[in-house]
Amino acid sequence: MHACCGAEKHGWDRLEVERYWLPPILRCFIVGENPGDTTSEYFYERPASYAQDEVAVRRALLRGLHQQGLIAEATLEGFQEGGFLFDHAIRCQLSPMIVSSERQKAMRYASRRVRNADHLSRWLSQSRVVWVMGHLASNAVANASTEFPKRRRNISMPPYPSEIARDSMFFVSEYLSWRTEAKASAFAEALKRFAQERGVFGDV
């Protein structure tokens, strides 16, 4: 049992993501917030129908990347083949109330639940570019990497979605949810420009 949330296994371990979903070449590591509440379907669980996918972040992300030509098809297999890997700042499935509270703290880089974000370190060091999606992800990545400065950011306003600094590997945006789903293609377009400037996805 995990002391952090009482679950026997986090979704990442239960579905053996590293074994089955790690791309052949890691081009872009995406860090989200958390996998939803205890009834939520995990990102790497294949939906019964991609056309009627109920997981907002998966639905929006896959469609947005596909619309911009960054993945060949809007499926988890297309996501993997395109060189993408997705993980969460908090791997626990938690109630929306807890996540909202932690998100507010994360805006000040004060979320205790992302204090030890060691599970991100390996992929942060291996990926060519990193998409940091939301305030909780920002707090977690800043704790895991000294290259991500702890500065207050209003990521819902321009210049975001964008890089955090000139020549940085970090691309920052709001979290993709039902509230921001309409922006998914625009986010993916901005990511495409960002990555291609760094020599990633130059074949797209």
Side-chain angles (χ1 to χ4, degrees), residues 27-37 40-45 47 49-76 78-80 82-90 94 96 99-100 102-107 109 111 114 120 123 127-142 148 151-166 168-198 200-201 204:
R27 292 166 138 185
C28 181
F29 179 42
I30 303 175
V31 185
E33 291 193 329
N34 93 299
D37 62 26
S40 297
E41 187 176 292
Y42 188 65
F43 182 89
Y44 278 106
E45 290 180 280
S49 167
Y50 282 103
Q52 299 177 340
D53 192 351
E54 295 184 0
V55 178
V57 64
R58 184 175 60 205
R59 179 178 67 235
L61 183 56
L62 296 182
R63 289 177 185 174
L65 294 174
H66 179 60
Q67 287 167 354
Q68 294 303 321
L70 292 173
I71 58 176
E73 59 182 20
T75 64
L76 289 171
F79 186 75
Q80 178 187 32
F84 290 90
L85 181 68
F86 186 91
D87 199 357
H88 296 90
I90 302 172
L94 303 168
V99 175
S100 179
E102 291 301 315
R103 188 182 298 119
Q104 292 298 314
K105 295 172 187 174
M107 294 176 73
Y109 296 92
S111 169
V114 298
L120 304 177
W123 314 120
S127 184
R128 301 282 302 281
V129 295
V130 178
W131 183 351
V132 183
M133 195 183 286
H135 288 291
L136 275 168
S138 295
N139 193 168
V141 171
F148 193 101
R151 296 176 189 152
R152 293 288 291 269
R153 299 178 178 88
N154 188 348
I155 59 175
S156 64
M157 301 293 290
Y160 303 105
S162 179
E163 61 189 2
I164 59 165
R166 185 179 178 86
S168 170
M169 67 184 290
F170 297 107
F171 175 87
V172 178
S173 78
E174 295 174 85
Y175 188 65
L176 280 174
S177 67
W178 64 268
R179 293 183 180 86
T180 56
E181 184 171 359
K183 301 179 182 180
S185 186
F187 285 7
E189 182 181 16
L191 173 73
K192 183 177 179 178
R193 290 195 304 271
F194 167 86
Q196 289 179 337
E197 287 171 359
R198 288 151 179 79
V200 184
F201 299 114
V204 175

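Just the heavy atoms: all of them, side chains too, but no hydrogens, waters or symmetry mates, feed the values below. All values reported here derive from a predicted model rather than from experimental measurement.
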(Q) Taking side-chain hydrogen bond (donor to acceptor under 3.5 Å, both in side chains) as the definition, give me every residue that meets it alongside Asn34, ordered by chain and number, with sequence neighbours left out. (A) none
Q) Does any N or O in the side chain of Thr180 come within less than 3.5 Å of the main-chain N or O of Lys183, such that one atom is a donor and the other an acceptor? A) no
Q. Which pair of non-hydrogen atoms, one from Gly32 and one from Phe86, has the smallest distance, and what is that distance?
A. CA-CZ, 4.0 Å
Q. Side chain to side chain contact (heavy atoms under 4.5 Å, CB included) between Leu65 and Leu191: does it pass, once the steps are laid out?
A. CA-CA 9 Å; Leu65 294 174; Leu191 173 73; 4.2 Å; yes
Q: Determine whether the aromatic ring centres of Tyr109 and Phe148 lie less than 6.0 Å apart.
A: no
Q: Could you grab the distance from atom OG of Ser111 to atom NE2 of His135, nearest 0.5 Å is fine?
A: 12.5 Å
Q. Does the side chain of Asp87 reach to within under 4.5 Å of the side chain of Leu85, using non-hydrogen atoms?
A. no
Q: Keeping the roles fixed (side chain from Ser49, backbone from Gln52), state whether a donor-acceptor pair exists under 3.5 Å.
A: yes
**Q.** Partners meeting side-chain hydrogen bond (donor to acceptor under 3.5 Å, both in side chains) with Arg128 (sequence neighbours left out)
**A.** none
Q. How close do Glu102 and Leu136 get, heavy atom to heavy atom, and via which atoms?
A. O-CD2, 3.7 Å
Q. Which pair of non-hydrogen atoms, one from Leu61 and one from Ile30, has the smallest distance, and what is that distance?
A. CD2-CD1, 3.8 Å
Q. By side-chain hydrogen bond (donor to acceptor under 3.5 Å, both in side chains), which residues pair with Arg63, not counting sequence neighbours?
A. none
(Q) Taking CD in Gln196 as the centre, count heavy atoms belonging to other residues, nucleotides or ligands within less than 6.0 Å. Is the count above 12? (A) yes
(Q) Please check: side-chain N/O of Tyr44 versus main-chain N/O of Leu76, any donor-acceptor pairing under 3.5 Å? (A) no
Q. Backbone N or O of Glu45 within a donor-acceptor pair of the Arg58 side chain at under 3.5 Å?
A. yes
**Q.** All ring-ring contact (aromatic ring centres under 6.0 Å, His included) counterparts of Phe171, not counting sequence neighbours
**A.** Trp131, Phe194
Q) Could Glu174 and Arg179 be called an ion pair, given the rule that one side-chain N must be under 4.0 Å from one carboxylate O? A) no
Q: Sequence neighbours left out, what passes salt bridge (charged side-chain N to carboxylate O under 4.0 Å, His left out) with Lys192? Give chain and number order.
A: none
(Q) Tell me every residue that passes side-chain hydrogen bond (donor to acceptor under 3.5 Å, both in side chains) with Glu181, counting only those two or more places apart in sequence or in another chain. (A) Arg59
Q. Do His88 and Tyr42 have their ring centres less than 6.0 Å from each other?
A. yes
